[in-house]
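To keep things clear, I will list the structure first and then write my remarks on it.
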Amino acid sequence: RLRKWQERIRTKDAGERNLQFALSEIDRMASALGVPRSVREVASVIYRRALDEDLIRGRSIEGVATACLYAACRQEDIPRSLEEVSEVSRVEQKEIGRTYRYVAQELSLKMEPVDPKQYVPRFVSELELSEEVQAKANEIIDVTAEKGLLSGKSPTGYAAAAIYAASLLCNEKKTQREVADVAQVTEVTIRNRYQEQIEAMGIH
Amino acid sequence: MSTVTKSIQIENVVASMGIGQELDLETLADDLRVTQYDPEHFPGLIYRMQDPKAAALIFRSGKIVCTGAKSIADVAAALEQVFDELRELGVQIADSPDVEIQNIVSSADLGHQLNLNAIAIGLGLEHIEYEPEQFPGLVYRLDDPSVVALLFGSGKLVITGGEQTDDAEQALNVIEERLTELELLE
DNA sequence: GCTTTAAAAAGTAAGCT
DNA sequence: AGCTTACTTTCGAAAGC
């Protein structure tokens, strides 16, 4: 009986230590990503729900914590790509993606696909481009997505191509390499998306 | 028969069966040609065939998995080849062992471009998985028939998880019907 | 959960010329 | 800038870690 009592305390303590560790990791990664406090709070809420639903079993705490942070960024409309998130996590990108899909499914998080426009302000700012370019990129995304070009395409690559096209149209040209670097996609992807978008826009 | 139905192509059939007796894979690995056997890595012996193109995984228990065939008839033809090889090596095998179809992978074409974003929302975000950052296809799990469909922007799709030949056709009908209801087909 | 087999879809990526 | 190869996703069985 005494042993069971001790075991319960030990389990409870371990559980709380694990929760503390997860929350501190979310905090650390959120800081590294430079996302606001509200995102950490949303991530913490998702993590506690995952814990309640026993979704951690068989997975690493760090993996679930990272996946929750990735989901929280998206829910708060300031998405970070899996690659960006994996850079501040000790869990590899593929594992974060899998865990995220599992958690989102199990908790019925109704996650909408990421809108490429949500990456535009940050990328434009990092490239030191004008608001005019930002508006043009947003327009390109809206118009071409409306025509069905977005299906199946990665949001970061799509946003990068639109920004590259907009920088040309606004005479503030950035090279494909420069845009590719901030969006963390290849020049080939920008080239491919850019061609389709320009064509769909009617070669402005 | 609609053009959509006619677009269905079986791409892969997975089947399993047992010959009812234990096999010495070490000896088999030496006597069979084109084989691969590394028990440290994987317990099955891998036997590849060219005609029909398929692969068989042969286990010590005498159970065999056949995969890669493009039709149920090809599964039978491939297994016959395996049986003939085994018989030549002195293994007695019944004339018609029970073969269980485990999975049929098909491809098809809805004939229209798809707005996956709209479909994800229309079918209900909780019922689908669509993460274009990770994979370009939208994952749609059906209850009846019990299969999984991968829908692509081109209108082409993959249907997997079925065990019946007509599961793909039924699934395709359900998908066409639902997308039409939601006015997301064309 | 992992290991291996095969196959399609389409996007992305890396290496080589 | 191509071309090739390869990896992502879905599915199932097998035996064993």
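Keep in mind that what you see is a predicted model, and the values were worked out from it rather than measured. Letters go in sequence order (proteins before strands), and every chain restarts at 1.
With respect to the salt-bridge test (charged N to carboxylate O, under 4.0 angstrom), the residues Glu100(B) and Lys63(B) do not qualify. Taking 4.0 Å as the cut-off between side-chain N and carboxylate O, Glu95(A) and Arg98(A) do not count as a salt-bridged pair. A salt bridge does not link Glu181(B) to Arg178(B): none of the charged side-chain nitrogens sits closer than 4.0 Å to a carboxylate oxygen. Using a cut-off of 4.0 Å between Lys/Arg side-chain N and Asp/Glu carboxylate O, Lys136(A) and Glu172(A) are scored as not salt-bridged. Ion pairing between Asp52(A) and Arg48(A) fails under the 4.0 Å rule for side-chain N and carboxylate O.
Lys70(B) has no side-chain polar atom (N or O) that falls below the 4.0 Å cut-off from OP1 or OP2 of dA6(C). When the side-chain nitrogen and oxygen atoms of Thr160(B) are compared with OP1 and OP2 of dA7(C), none of them lie within a distance under 4.0 Å. For the pair Ser154(A) and dT12(C), the criterion of a side-chain N or O lying under 4.0 Å from OP1 or OP2 is met. Applying the 4.0 Å criterion to OP1 and OP2 of dA10(C), one finds that Ser154(B) has a side-chain N or O inside that range. In terms of phosphate contacts, Ser16(B) brings no side-chain nitrogen or oxygen within less than 4.0 Å of OP1 or OP2 of dA14(D). Phosphate proximity of dA15(D) to Ser61(B): present, with a side-chain N or O under 4.0 Å from OP1 or OP2. Under 4.0 angstrom from either OP1 or OP2 of dT5(C) there lies at least one side-chain N or O belonging to Arg48(B). The phosphate of dT8(D) has neither OP1 nor OP2 within less than 4.0 Å of any side-chain N or O from Arg98(A).
In this entry the distance linking CD of Glu83(A) with P of dT12(C) reads 13 Å, nearest Å. The interatomic distance linking Gln176(A) (CD) with dT12(C) (P) rounds to 14 Å, in whole Å. Separating the CD atom of Gln195(A) from the C1' atom of dG11(C) is a distance of 17 Å, rounded to the nearest angstrom. The interatomic distance linking Lys156(B) (NZ) with dA7(C) (C1') rounds to 15 Å, in whole Å. Taking atom CD1 of Ile101(B) as the reference point, atom C1' of dA7(C) lies 15 Å away to the nearest angstrom. When rounded to the nearest whole Å, the span between NZ of Lys63(B) and C1' of dT5(C) equals 18 Å. Across the protein-nucleic acid pair, Asp38(B) atom CG and dG16(D) atom P stand 15 Å apart, rounded to whole Å. One atom, CD1 of Ile119(B), and another, P of dA10(C), lie 14 Å apart when rounded to the nearest Å.
At the heavy-atom level, Arg141(B) lies under 4.0 Å from the strands shown only through sugar-phosphate atoms. Contact annotation for Arg101(A): backbone-only contact, meaning every heavy-atom pair under 4.0 Å involves sugar-phosphate atoms and none involves a base. Contact annotation for Val148(B): backbone-only contact, meaning every heavy-atom pair under 4.0 Å involves sugar-phosphate atoms and none involves a base. Within the nucleic acid shown, Gly44(B) has no heavy atom closer than 4.0 Å to any nucleic acid atom. In this structure, Val185(A) reaches the sugar-phosphate backbone alone: every heavy-atom distance under 4.0 Å involves primed, P, OP1 or OP2 atoms, never a base.
A 3.5 Å limit on both hydrogen-bonding distances identifies dT4(C) as the Watson-Crick or G-U partner of dA14(D). Using the Watson-Crick or G-U wobble rule with both distances under 3.5 Å, dT12(C) pairs with dA6(D).
In terms of position along DNA chain D, the nucleotide closest to Val139(B) lies nearer the 5' end than the nucleotide closest to the other residue of the pair Val139(B) and Phe59(B). Of the two residues near DNA chain C, Gln36(B) and Arg193(A), the one whose nearest nucleotide lies more 5' is Gln36(B). Between Tyr158(A) and Leu157(B), the residue whose closest nucleotide on DNA chain C is further toward the 5' end is Leu157(B). Each of Gly62(B) and Arg191(A) was assigned the nucleotide of DNA chain D with the nearest heavy atom; the assignment lying further toward the 5' end belongs to Arg191(A).
dA6(D) and dT4(C) have their P atoms separated by 15 Å, given to the nearest Å. dA8(C) and dG2(D) are spaced 26 Å apart, taking the P atom of each and rounding to whole Å. Going from the P atom of dT9(D) to that of dA13(C) covers 15 Å, rounded to whole Å. As rounded to the nearest Å, dA9(C) and dA1(D) have C1' atoms that lie 26 Å from one another.
Of the N and O atoms on the side chains of Thr189(A) and Thr186(A), at least one donor lies less than 3.5 Å from an acceptor on the other residue.
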* To do: Kindly indicate, with the supporting measurements, whether the criterion salt bridge (Lys or Arg N to Asp or Glu O under 4.0 Å) is fulfilled by Glu84(A) and Arg122(A).
  => CA-CA 13 Å; Glu84(A) 290 176 303; Arg122(A) 192 155 55 91; 2.7 Å; yes

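Side-chain atoms of Thr67(B) and base atoms of dA6(C) include a donor and an acceptor less than 3.5 Å apart.
One distance of note links CG of Leu182(B) with CD of Glu177(B); it measures 11.0 Å at 0.5 Å rounding.
Considering only the side chain of Pro136(B), dG11(C) comes nearest among dG12(D), dG11(C), dT3(C). In the set dA9(C), dA13(D), dA6(C), the nucleotide with an atom closest to the side chain of Phe135(B) is dA9(C). You'll find that the side chain of Ala55(B) is closest to dA6(C), out of dA6(C), dA9(C), dA8(C).
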